[in-house]
*Asks:* 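First the structure, which I've put down as structure tokens, then a few questions once you've had a look.
Model, not experiment: these values are computed from the prediction.
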Amino acid sequence: MRKIYCILLLFLLASCTVFKPVIQPKREFRGVWIATVVNIDWPHSGADTWARQQADYLRILDFYRRLNLNAVIVQIRTAGDAFYPSAYAPWSRFLTGKEGVPPKTEEDPLQWMIRQAHIRGFEFHAWLNPYRATFDENVEILAKTHDFHTHPDWMFKYGKKYYYDPGIPEVQDHLVNIMKEVVRNYQVDALHFDDYFYPYRIQGEVIPDSLTYAARAMPGQALDDWRRSNIDSLVKKVHGMIQKEKEWVQFGISPFGVWKNNTTDPRGSDTQAGQTTYEDLYADPLKWMKEGYIDYLVPQVYWSMDLPVASHSKIVSWWAGITPLTNLYIGNAAYKVRDNADKAWERKKELPKQLRLARTYENIQGNVFFSARSLLNKNMDVVRHIKNKYYKYPALTPESPLRTGKSTLSPSPPILTKASNYYQFQFHFNTGSDYRYAMVYAARSPGKLSGLPPSRAIARIFLDGRNSFNLGKDLIRKRSHISITFLNRFGTESDPIVLNLE
């Protein structure tokens with residue numbers, strides 16, 4: 001009997017260990033990329049009705065809201081096109097079925113998408129691919145207003161695609177205007193670039209930019225350095241534009257996961273990647289970080305934990321040790337779960353182990369999944385494990401180190417009105433204050449706030465310019481006290497206001 005009791009005790013202890021959630025940070029970036037190029041994630045088809053596309057988009061948002069994610073990175077420019085009315089690019093065929101043809105709705109799709117994300121508590125990061133001009137050689141489907149037709153001198157062909165030549169100043173100005181149009185016209189929380197700068201190297205092919213190099217390079221400037229300087233220039237200009245237009249909008253970039261291998265540079269990671277960000281894509285995210293041009297980096301560390309040529313754990317450790325001046329999130333390959341030759345991805349805990357690894361580094365503030373369809377109603381055992389163990393409670397997104405302390409919040413106590421099934425809270429805000437969200441937390445009493453941990457969050461409410469909101473009594477339950485804080489555009493949270501509901 002004693003042996004049986006011991007076995008039962010060990011089983012119970014093990015069960016507690018398995019099901020007990022990991023302590024969760026109050027601020028953590030939990031994002032997902034929603035890819036629109038060739039309709040990877042959304043919409044299902046450009047030929048679908050707008051109503052069907054809306055329903056599919058909301059299905060994605062609601063799924064990831066239940067998983068307690070807090071940011072969506074939505075691709076709104078795939079290849080010289082736009083998912084919004086633009087003065088600089090034609091409507092995307094991936095949205096409307098035919099490039100240059102507007103959607104069959106009077107609604108602005110991007111404005112609607114942003115609002116629906118905000119209502120559900122997500123940040124909306126507008127993902128634009130600056131340099132890819134076409135997705136393939138099928139150029140006859142391009143609208144007459146596409147830059148391929150109006151500015152063929154801006155393009156070069158490499159492989160089966162056309163690209164904007166980064167070394168042409170007019171190209172840089174054009175791309176900055178595209179980004180400015182989005183920042184100026186929409187309530188985006190961030191602009192986001194992916195890993196496509198100069199194109200990935202193709203064996204036996206040479207990037208045809210020799211004439212631009214001859215005309216534009218500084219005396220004695222090597223070709224590789226000149227190419228990197230072109231990318232640096234655009235990043236710097238976009239950062240400066242955002243600062244002038246809306247300084248609360250962040251700028252994030254998601255580079256290829258390996259900066260350099262240590263076989264070519266001792267500062268690089270212990271990897272054997274076939275291509276690298278610095279040497280093949282001519283991008284130097286470490287410089288952008290040091291110069292203060294970006295708010296966050298999301299290196300795409302799309303390998304399993306112990307893959308010999310590019311170990312996820314080694315690469316994550318490298319990034320954590322090299323990027324102390326910017327927010328750092330890790331890009332995770334959710335698309336490989338049970339769909340890859342690397343058998344590590346067959347394991348239920350491969351992706352969760354990567355989340356756990358990121359949390360062991362003080363300098364890593366979150367993760368982003370590529371892409372939305374990878375977990376959407378698929379691999380539900382993995383999804384449940386992530387939810388129960390790592391994302392059990394909501395989290396606020398991190399503040400940008402470039403923007404922390406930009407403004408302070410000091411709301412006055414609210415006027416509380418009790419109705420039959422809800423409470424109404426009406427606030428008087430200071431003139432010029434910008435309150436984006438109200439956060440409601442459970443509080444045992446005014447003296448026991450306990451730092452407002454994630455486990456006590458009851459609701460995150462998008463104010464949308466309002467100075468009041470309602471809260472259903474079903475959310476409050478039998479609590480006698482709650483705490484309310486406010487978040488502004490910079491992500492700053494106000495001091496709590498404690499309310500007695502009795």
Side-chain angles (χ1 to χ4, degrees), residues 25-33 69-76 114 117-118 122-130 175-176 178-180 182-184 186-195 197 231-257 259 277 283-301 319-320 322-331 358 361-368 395-407 434 436-437 487-493:
K26 181 170 181 177
R27 287 188 181 266
E28 180 177 56
F29 195 87
R30 302 174 185 172
V32 60
W33 280 288
L69 267 63
N70 53 27
V72 289
I73 303 174
V74 184
Q75 191 174 28
I76 65 170
I114 294 169
H118 283 162
F122 292 104
E123 286 189 356
F124 188 99
H125 293 224
W127 167 16
L128 301 96
N129 186 296
L175 295 176
V176 171
I178 288 170
M179 309 304 159
K180 182 189 297 184
V182 173
V183 171
R184 181 174 290 178
Y186 297 96
Q187 294 300 318
V188 298
D189 298 289
L191 290 187
H192 181 92
F193 289 176
D194 55 22
D195 55 319
F197 298 102
I231 305 301
D232 293 342
S233 178
L234 179 68
V235 171
K236 180 180 180 179
K237 288 177 180 178
V238 171
H239 167 76
M241 175 275 295
I242 293 173
Q243 290 292 95
K244 290 179 181 178
E245 293 291 325
K246 294 177 181 176
E247 61 175 341
W248 58 85
V249 173
Q250 295 191 31
F251 185 24
I253 295 180
S254 177
F256 178 70
W259 177 70
T277 289
D284 190 3
L286 303 191
K287 179 177 181 178
W288 310 331
M289 173 198 65
K290 291 174 182 176
E291 297 293 334
Y293 298 155
I294 52 175
D295 296 275
Y296 68 83
L297 282 171
V298 194
Q300 298 173 21
V301 192
W319 281 103
I322 206 75
T323 53
L325 304 178
T326 190
N327 282 348
L328 175 64
Y329 317 135
I330 300 300
Y361 292 98
E362 184 179 354
N363 195 41
I364 297 177
Q365 295 90 19
N367 297 80
V368 185
L396 302 182
T397 52
E399 293 182 87
S400 166
L402 300 183
R403 291 160 171 75
T404 301
K406 283 284 187 177
S407 63
D434 180 28
R436 298 292 301 280
Y437 289 96
L487 298 169
N488 65 7
R489 287 172 168 169
F490 295 96
T492 305
E493 187 174 25

*Asks:* For residues R27 and G491, report the shortest heavy-atom separation together with the two atoms involved.
*Replies:*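 That closest heavy-atom pairing would be NH2-O, 2.8 Å.
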*Asks:* Which atoms form the tightest heavy-atom contact between A126 and V182, and what is the distance?
*Replies:* CB-CG1, 4.2 Å
*Asks:* Looking at CD1 of I294 and CG of L191, how far apart are the two atoms once the value is rounded to the nearest 0.5 Å?
*Replies:* 13.0 Å
*Asks:* So F197 and I253, do their side chains get closer than 4.5 Å, heavy atoms only?
*Replies:* yes
*Asks:* Using 30° and 60° as the class limits, which term best fits the ring planes of W248 and F490: parallel, tilted or perpendicular?
*Replies:*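 W248 and F490: perpendicular rings.
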*Asks:* Mind listing the closest non-hydrogen atom pair of I114 and V188 along with its distance?
*Replies:*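 Looking at all heavy atoms of both residues, the shortest contact is CD1-CG1, 3.7 Å.
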*Asks:* Determine the minimum heavy-atom distance between P130 and L175, stating which atoms define it.
*Replies:* O-CD2, 3.3 Å
*Asks:* For A283, does its backbone N or O pair with a side-chain atom of T277 as donor and acceptor, under 3.5 Å?
*Replies:*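 Answer holds: no.
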*Asks:* Quickly, which of W33, F29, Y361 forms a ring pair (Phe, Tyr, Trp, His ring centres under 6.0 Å) with Y329? Name it, please.
*Replies:*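 Of all the options given, the one that passes is F29.
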*Asks:* Just one of Y296, Y293, W127, F251 clears the ring pair (Phe, Tyr, Trp, His ring centres under 6.0 Å) bar with F193, so which one?
*Replies:* F251
*Asks:* Going by side chain to side chain contact (heavy atoms under 4.5 Å, CB included), name the residues that satisfy it together with N367, two or more places apart in sequence or in a different chain.
*Replies:* I330, N332, L355, A358, Y391
*Asks:* Does any non-hydrogen side-chain atom of W319 lie less than 4.5 Å from one of L286?
*Replies:* yes
*Asks:* About how many Å separate CD of E493 and OH of Y437, when rounded to the nearest 0.5 Å?
*Replies:*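 These two atoms lie 13.5 Å from each other.
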*Asks:* Looking at N488, is its backbone amide N or carbonyl O close enough to the side chain of T492 to form a donor-acceptor pair, meaning the two atoms are under 3.5 Å apart?
*Replies:* no
*Asks:* Output, in order, the C-alpha distance, side-chain angles, deciding distance and verdict of side-chain contact (heavy atoms from CB on, under 4.5 Å) for I231 and W288.
*Replies:* CA-CA 10 Å; I231 305 301; W288 310 331; 3.6 Å; yes
*Asks:* Is it the case that the side chain of R489 and the backbone of E247 share a donor-acceptor pair, with hydrogens and angles ignored and the cut-off at 3.5 Å?
*Replies:* no
*Asks:* Got a donor-acceptor contact below 3.5 angstrom from the Q365 side chain to the L328 backbone?
*Replies:*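 Side chain of Q365 to backbone of L328: a pair is present.
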*Asks:* Roughly how far apart are R30 CZ and L396 CG, rounded to 0.5 Å?
*Replies:* 9.5 Å
*Asks:* Supply the atom-to-atom distance D232 CG to K287 NZ, rounded to the nearest 0.5 angstrom.
*Replies:* 4.0 Å
*Asks:* Tell me whether D189 contacts the main-chain N or O of F124 through its side chain, where contact means a donor paired with an acceptor under 3.5 Å.
*Replies:* yes
*Asks:* Looking at N327 and E399, would you say the former's side chain and the latter's main chain have a donor-acceptor pair under 3.5 Å?
*Replies:*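 Between the backbone of E399 and the side chain of N327 there is a qualifying donor-acceptor contact (under 3.5 Å).
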*Asks:* Consider side chain to side chain contact (heavy atoms under 4.5 Å, CB included). Of K180, Q243, M179, which one does V238 pass it with?
*Replies:*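 The option that passes is M179.
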*Asks:* Using distance alone, with no hydrogens and no angle criterion, decide if D284 and W259 have a side-chain donor and acceptor under 3.5 Å apart.
*Replies:*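 Judged by distance alone, the side chains do pair up.
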*Asks:* Is there a donor in the side chain of S400 and an acceptor in the side chain of Q250, or the other way round, less than 3.5 Å apart?
*Replies:*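 On atom types as modelled, these side chains do not qualify, holding no pair under 3.5 Å.
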*Asks:* Taking all atoms of both residues into account, what is the closest heavy-atom pair of A395 and P25, and its distance?
*Replies:* CB-O, 4.0 Å
*Asks:* Quick check: does any side chain N or O of T326 sit under 3.5 Å from a backbone N or O of D295, one acting as donor and the other as acceptor?
*Replies:* yes
*Asks:* I need the minimum non-hydrogen distance between L297 and P255, along with the two atoms involved.
*Replies:* CD2-CD, 4.0 Å
*Asks:* Between atom CD of E123 and atom OG1 of T397, what is the distance when rounded to the nearest 0.5 Å?
*Replies:*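 That separation rounds to 3.5 Å.
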*Asks:* Distance from K236 atom NZ to M241 atom CE, nearest 0.5 Å?
*Replies:*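 Between K236 NZ and M241 CE, I get 15.0 Å after rounding to 0.5 Å.
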*Asks:* Under the 3.5 angstrom rule, does the side chain of N129 hit a backbone N or O of D194 as a donor-acceptor pair?
*Replies:*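 Here the side-chain-to-backbone pair does not exist.
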*Asks:* Report yes if the side chains of R436 and H118 come closer than 4.5 Å at any heavy-atom pair, otherwise no.
*Replies:*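 In contact.
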